[in-house]
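These values consider heavy atoms only, across backbone and side chains, with no hydrogens, waters or symmetry-generated copies.
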Amino acid sequence: MKLIDGKQTAAQIRSELKLRTASFEQRYGKKVGLAVVLIGNDPASQVYVRNKITACQETGIRSFAHYLPETVTEQETLSLIRSLAEDDNIHGILVQLPLPEHLNADKILSTIPAAKDVDGFLAENIGKLALSEEGTVACTPLGVMELLKRYQISLCGKRAVVLGRSNIVGRPMALLLLNEDATVTVCHSKTQNLKEECLRADILVAAIGKAKFVTNDMIKTGAVVIDVGINRTDDGKICGDVDFENVKEKCSYITPVPGGVGPMTIAMLLTNVVQAAEKAQCRNIY
């Protein structure tokens, strides 16, 4: 068994991005910019936003943080997004989810231009992924692909099983694997014979949000296991969707939780922001 170290890989990516942002600033006379919009006082969202802003600072990205009260109107929010969309110093816009119930998340997110959609959530970018066209890809599945690439894990012709079909992880994950010539099966709560499907997997990606759901008897010997889940056990400890201790010796590669896919999500967000800035500058030139 070989451990896939997402923390170390993410640190390496941030170091690479620091060079790219410095080069961008030297060449174009301005910093790469990310606008982050946080609405309300959700504690988890506040932590996520703080971590993203810190990561921006470490990699030379200028962050524009906008903290809006829980009572903000939809019109006020849309007005802010439109102003950020028109600002040439901002190359990416991130609206932290979830939003308060009185706000229409789809309407607000759709106001972000596809070129500044660094989360990769917009229909236009998801459509490009489905058509194998160049666009921005959701950060977590993109992080999984980067780990597989950097650990030189071949996907061509391999049987990949994705547990979960969310628009944020499961669906784009399946499309990314398919685009790399894997044979992909997507499993979900209605899947019959789930254990048998998992046992066929050369590569298993677990993204269902159920603590230690994937057990030893669901894993084929030598499989690559990628655990996207982040859950808390009754004693407050963080664990993934995979029963790591009982599964690890059966795998060829496995990601831990924490320290696996999690750190890659922010690393790929930063990557998306830098790429958006570079593409924007190319559009301005040509």
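The local environment of CG in D235 is crowded, with over 12 non-hydrogen atoms from other residues, nucleotides or ligands closer than 6.0 Å. Counting non-hydrogen atoms of neighbouring residues, nucleotides and ligands closer than 6.0 angstrom, the CD atom of Q26 reaches no more than 12 such neighbours. For Y48, the OH atom sits in a loose shell: 12 or fewer heavy atoms of surrounding residues, nucleotides or ligands are nearer than 6.0 Å. In K18, the NZ atom is not crowded: 12 or fewer heavy atoms of neighbouring residues, nucleotides or ligands sit closer than 6.0 Å. Other residues, nucleotides and ligands place no more than 12 heavy atoms under 6.0 Å from the CD atom of Q8. Counted within 6.0 Å of CD on E196, heavy atoms from surrounding residues, nucleotides or ligands total more than 12; the atom is thus considered enclosed.
Side-chain contact of T73 with E76: a donor-acceptor pair under 3.5 Å is present, judged by distance alone. With 3.5 Å as the limit, one finds a donor-acceptor pair spanning the side chains of S132 and N179. With no hydrogens or angles considered, a side-chain donor-acceptor pair links N125 and D117 at under 3.5 Å. Counted by atom type alone, T21 and T59 present zero donor-acceptor pairs between their side chains at under 3.5 Å.
For K279 and E134, the salt-bridge test passes: some basic side-chain N is under 4.0 Å from an acidic carboxylate O. A salt bridge does not link R20 to E16: none of the charged side-chain nitrogens sits closer than 4.0 Å to a carboxylate oxygen. Of the charged side-chain nitrogens involved, none lies within less than 4.0 Å of a carboxylate oxygen, so that E25 and K30 do not count as a salt-bridged pair. A salt bridge links K220 to D202: one of the charged nitrogens lies within less than 4.0 Å of a carboxylate oxygen. A salt bridge is defined here as a Lys NZ or Arg NE, NH1 or NH2 lying under 4.0 Å from an Asp or Glu carboxylate O, and R82 with E86 fails to meet this definition.
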ask   = Could you walk me through whether L199 and I219 pass the side-chain contact (heavy atoms from CB on, under 4.5 Å) check?
value = CA-CA 5 Å; L199 282 168; I219 301 296; 5.7 Å; no

request  = For the pair L177 and M145, evaluate side-chain contact (heavy atoms from CB on, under 4.5 Å) and give the outcome as yes or no after the intermediate values.
outcome  = CA-CA 8 Å; L177 290 165; M145 297 302 290; 4.0 Å; yes

request  = Please test E58 against R14 for salt bridge (charged side-chain N to carboxylate O under 4.0 Å, His left out), starting from the C-alpha separation and ending with a verdict.
outcome  = CA-CA 8 Å; E58 291 174 354; R14 289 197 300 272; 3.7 Å; yes

inquiry  = Run N231 and K210 through side-chain contact (heavy atoms from CB on, under 4.5 Å) and show every step you take.
reply    = CA-CA 7 Å; N231 312 284; K210 293 186 177 180; 5.7 Å; no

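Placement of L194 and M173 in two distinct hydrophobic clusters is found when ILVMFWY residues are connected by side-chain heavy-atom separations under 4.5 Å, directly or transitively. There is no path of hydrophobic side-chain contacts, each under 4.5 Å, that joins L147 to V247. Both Y253 and L176 belong to a single network of hydrophobic side chains, linked directly or stepwise wherever heavy atoms of I, L, V, M, F, W or Y lie under 4.5 Å apart. The hydrophobic cluster containing I53 also contains L38, counting ILVMFWY residues as joined when their side-chain heavy atoms lie under 4.5 angstrom apart, directly or transitively.
I4 pairs in a side chain to side chain contact (heavy atoms under 4.5 Å, CB included) with only one of the listed residues (I254, I226, V225), which is I226. Of the candidates V49, V37, I39, Y67 forms a side chain to side chain contact (heavy atoms under 4.5 Å, CB included) with just one, namely V49. For the side chain to side chain contact (heavy atoms under 4.5 Å, CB included) with C139, the qualifying choice from D119, L94, I168 is D119, the only one to do so.
Scanning both residues, T215 and D243, for their nearest heavy atoms gives CA-CB, 4.5 Å. Shortest non-hydrogen contact noted between R200 and R159 is O-CD, 3.0 Å.
Using a 4.5 Å heavy-atom threshold, the side chains of R62 and V32 count as separate.
Rounding to the nearest 0.5 Å gives a distance of 10.0 Å between NZ of K31 and OG of S63. Taking CG of L129 as the reference point, atom CG of L178 lies at 9.5 Å (rounded to 0.5 Å). With rounding to the nearest 0.5 angstrom, the CG atom of L148 is 9.5 Å from the CD atom of E180.
In this structure, the side chain to side chain contact (heavy atoms under 4.5 Å, CB included) partners of D87, at least two apart in sequence or on a different chain, are N89, I90.
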